[in-house]
Amino acid sequence: EKPSAAELTREAIHLEREVLKDRVGSQDQTAAAYGGLNYITFGTDGAINVKPVKLAKPVFDKLNDHLLLFFTGRQRTASNVAEAVVKNLADRHTQITRMKDMAAEGVGVLERGDIETFGKLLHEAWTLKRGISDQVSTDFIDRVYAIGRENGAWGGKLLGAGQSGFM
């Protein structure tokens, strides 16, 4: 079988939520199923819209030259973090709305090739995400992030629900 990216996304979400009874989001499954650089929106009705972000080769190369990805050396159960975050979402409407708007803004910034502004948007998004729940980060992650910023990083992102994994 060769499922479509949409089918693979739905199956991954179903397996984690219904079969494994894990409380997780849908972003990671969608990103993995589609691959590449995408602008992904999630509808309140469960719809997932994936739009590829097409960058000119010089812009893509410039972005790639400014990225680092590394494992923090730590693991956790994502559902515990996700549950704490979801519990606070209703009270964090302003932060969530800004983060959603920033995603669309980020696409335009990238398409213009403004990597520094994109990095600064990542920093603002990280600050907002940290404010959603005290479960998003740890002292260790905060130190790692601060070291990156002290050494010239415009911004950063912890992949996944929070507390550990890849930055």
Side-chain angles (χ1 to χ4, degrees), residues 3-10 12-13 24-72 78 81-82 84-86 88-133 135-137 141-142 144-167:
S4 68
E7 292 168 330
L8 188 57
T9 299
R10 283 191 300 274
I13 293 168
V24 294
S26 304
Q27 307 90 300
D28 295 343
Q29 301 89 326
T30 306
Y34 281 84
L37 183 61
N38 299 295
Y39 175 59
I40 305 170
T41 56
F42 299 91
T44 55
D45 61 353
I48 301 173
N49 184 33
V50 180
K51 179 182 172 192
V53 176
K54 300 196 186 300
L55 300 179
K57 176 131 175 55
V59 173
F60 179 83
D61 291 343
K62 184 178 177 184
L63 174 64
N64 200 39
D65 287 345
H66 284 82
L67 295 176
L68 294 174
L69 177 68
F70 58 91
F71 180 52
T72 63
V81 177
V85 168
V86 168
N88 291 338
L89 289 181
D91 296 334
R92 304 296 194 275
H93 180 72
T94 302
Q95 289 104 313
I96 300 302
T97 299
R98 175 62 184 138
M99 289 169 72
K100 180 182 170 193
D101 293 344
M102 288 172 66
E105 185 180 344
V107 171
V109 165
L110 275 179
E111 288 175 340
R112 289 193 311 271
D114 188 352
I115 305 306
E116 182 174 351
T117 299
F118 183 75
K120 290 176 179 178
L121 282 172
L122 281 177
H123 176 65
E124 183 183 348
W126 172 246
T127 302
L128 290 169
K129 185 173 180 177
R130 284 191 76 255
I132 293 173
S133 168
Q135 296 294 304
V136 169
S137 192
I141 295 298
D142 289 344
V144 169
Y145 189 85
I147 289 168
R149 297 266 298 154
E150 290 164 7
N151 286 281
W154 294 311
K157 175 168 181 34
L158 180 64
L159 303 179
Q163 293 188 356
S164 63
F166 288 84
M167 290 191 85

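Residues K51 and V107 form no side-chain contact, since every pair of their non-hydrogen atoms from C-beta on lies 4.5 Å or further apart. The side-chain heavy atoms of M102 and L128, taken from C-beta on, include a pair separated by under 4.5 Å. Side-chain contact between L110 and L37 is present, with at least one heavy-atom pair separated by less than 4.5 Å. Side-chain contact between T72 and V144: absent, with no pair of heavy atoms (C-beta onward) separated by less than 4.5 Å. Taking the side chain as every heavy atom from C-beta outward, Q95 and R130 never approach each other to under 4.5 Å. Counting only heavy atoms from C-beta outward, the side chains of M167 and L69 never approach each other to under 4.5 Å.
Listed here is the closest heavy atom pair of G156 and Y145: N-OH, 3.3 Å. Considering every non-hydrogen atom in both A125 and M99, the closest pair reads O-CE, 4.2 Å. Residues V109 and F118 share a closest heavy-atom pair of CG1-N, 3.5 Å. In terms of heavy-atom proximity, L158 sits nearest to K129 at O-NZ, 4.1 Å. Annotation for G106 and L121: closest pair CA-CD1, 3.8 Å, computed over non-hydrogen atoms. Heavy-atom minimum distance, F42 versus S26: CE2-CB, 3.7 Å.
Taking the charged nitrogens against the carboxylate oxygens, E116 and K62 have no contact shorter than 4.0 Å, which rules out a salt bridge.
Atom CD1 of residue I96 and atom CZ of residue R98 lie 13.0 Å apart, to the nearest 0.5 angstrom. The structure places CD1 of I13 at 5.0 Å from CD of Q29, a figure rounded to the nearest 0.5 Å. From T127, atom OG1 reaches atom CG of L122 across 10.5 Å, with rounding to the nearest 0.5 Å. Residue T30 holds its OG1 atom at 9.5 Å from CG of L8, rounded to the nearest 0.5 Å.
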Show your reasoning for whether side chain to side chain contact (heavy atoms under 4.5 Å, CB included) applies to D65 and I115.
CA-CA 10 Å; D65 287 345; I115 305 306; over 6 Å; no
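In this pair, W154 and H66 present their aromatic rings parallel. The plane angle is below 30°, not in the 30 to 60° band.
Considering only residues two or more places apart in sequence or on other chains, R112 meets the side-chain hydrogen bond (donor to acceptor under 3.5 Å, both in side chains) condition with none of them.
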